[in-house]
Amino acid sequence: FRLYLKFAYIVCVIGLIQWVSYLIGFVPGYNWKMFLPLNKWSVNLGGIGIRINSTLSEPSYFGTIIAPAFFIAAYEFFFKKDNFYTRTQCLLIIIVYILSFSSLAIIGIFLSLLLVAINFGFIRYVFLAIPVTILLYSVAYNNMDEFRKRMMGMKALFIDNLVEKELSG
C-alpha cells in the first residue's frame, strides 16, 4: 500500500507540472503526445485551463486511480496525521485531485466525506457532512460544465427513462 501511495504522489506531482505548464504556455510540459505516441493519451480542456490527467489517458481514470490516495491525504491533512504523507504532500494531492475536474473525482470527494463521517460517529458528523456535501455538489454543478453535463445525462437515463422511451419509440 505504501508503494501505491508513493506512486500516486508522483503521478500527482506530474499532474501539477502538467497544469502549471499549460497555464504558462509551455506545450512540451502538458502535451506529451508530441513525445510519446501514446494510444489514448490527450490533453483535456476544461476546468481551469485543462483537466489534469497526468500520465493517465483521461481525468476519469485519474480520479479513479488516485481516489484512495486522496482519501488518505484528506484524512491526514484535516486530522493532522503524518503516517503516509507530509501535510504539504497531502495538500498537493488534494489540489491536483480537485483540478482533474472529473465527475468520478467529485464522487470520490463525496464518498470520502461520507466515510469520515461514518468512521467518527455518523450522527455527530452528519450535520456537518450533509451541508458540506450539498454545497460542494452545488458548486460543482454550477461551475463545472463537464460535471453538469454528466449529471444531466444521468438524470436523463435514470429519472427520465430516456433509454426506455427511445426503445419503445
Side-chain angles (χ1 to χ4, degrees), residues 4 8-9 11-12 14-16 18-23 30-33 38-79 90-169:
Y4 158 76
Y9 176 71
V11 168
C12 288
I14 292 170
L16 185 62
Q18 178 188 33
W19 184 70
V20 170
S21 294
Y22 180 84
L23 291 180
Y30 71 88
N31 188 355
W32 302 326
K33 214 164 183 112
L38 298 174
N39 188 12
K40 294 184 178 182
W41 192 94
S42 65
V43 175
N44 292 280
L45 299 176
I48 303 174
I50 61 171
R51 298 171 58 209
I52 292 176
N53 58 337
S54 187
T55 58
L56 302 159
S57 61
E58 65 177 62
S60 63
Y61 293 167
F62 180 82
T64 303
I65 299 297
I66 302 300
F70 168 79
F71 177 77
I72 295 294
Y75 176 82
E76 289 190 352
F77 183 78
F78 292 112
F79 292 100
C90 291
L91 188 60
L92 182 135
I93 291 169
I94 292 167
I95 290 170
V96 171
Y97 193 70
I98 292 168
L99 287 174
S100 74
F101 289 96
S102 164
S103 53
L104 289 174
I106 300 298
I107 291 169
I109 293 168
F110 294 152
L111 288 175
S112 295
L113 287 172
L114 182 64
L115 288 172
V116 168
I118 290 170
N119 194 33
F120 288 100
F122 186 71
I123 301 300
R124 184 172 40 162
Y125 285 100
V126 75
F127 295 110
L128 176 65
I130 288 176
V132 168
T133 301
I134 291 170
L135 176 71
L136 288 174
Y137 175 83
S138 177
V139 167
Y141 188 83
N142 291 321
N143 296 308
M144 295 172 52
D145 191 45
E146 298 88 2
F147 184 76
R148 182 175 40 257
K149 285 179 185 174
R150 289 208 168 84
M151 292 299 110
M152 290 171 64
M154 289 176 63
K155 178 187 175 287
L157 279 174
F158 297 111
I159 296 174
D160 299 338
N161 294 319
L162 180 69
V163 174
E164 289 181 22
K165 289 177 186 175
E166 289 292 322
L167 290 176
S168 64

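One is the number of the first residue; the rest follow in order along the sequence.
From Phe71, atom CZ reaches atom CD of Glu76 across 10.5 Å, with rounding to the nearest 0.5 Å. Taking OH from Tyr137 and CD1 from Ile107, the interatomic distance works out to 9.5 Å, rounded to the nearest 0.5 Å. Here the CE-OG distance, from Met151 to Ser103, works out to 5.5 Å after rounding to the nearest 0.5 Å. Ile72 CD1 to Cys90 SG: the interatomic distance, rounded to the nearest 0.5 Å, is 9.0 Å.
Smallest separation of non-hydrogen atoms from Ile66 and Cys12: CG2-SG, 3.8 Å. The minimum heavy-atom distance linking Gln18 with Ser54 is given by the pair OE1-N, 2.9 Å. Of all heavy-atom pairs spanning Phe62 and Val96, the tightest one is CZ-CG1, 3.5 Å. A pairwise comparison of heavy atoms in Ser102 and Arg51 identifies CA-NH2, 3.6 Å as the closest pair. Scanning all heavy atoms of the two residues, the minimum distance from Ala8 to Ala69 falls at CB-CB, 3.6 Å. For Gly63 against Ala105, the heavy-atom pair with the smallest separation is CA-CB, 4.1 Å.
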- Query: Step by step, would you call Ile109 with Phe70 a side chain to side chain contact (heavy atoms under 4.5 Å, CB included)?
  - Reply: CA-CA 8 Å; Ile109 293 168; Phe70 168 79; 3.6 Å; yes

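The aromatic rings of Tyr22 and Tyr30 sit perpendicular to each other, their planes meeting at more than 60°, with 30° as the lower class boundary.
A 4.5 Å side-chain heavy-atom check between Ile94 and Tyr97 finds every atom pair outside the cut-off. Counting heavy atoms from C-beta on, the side chains of Val11 and Ile65 never come closer than 4.5 Å. Taking 4.5 Å as the limit, some side-chain heavy atom of Phe77 sits within range of a side-chain heavy atom of Leu91. A heavy-atom distance below 4.5 Å is not found between the side chains of Leu115 and Tyr75.
In terms of modelled atom types and a separation under 3.5 Å, the side chain of Thr64 and the main chain of Ser60 share a donor-acceptor contact.
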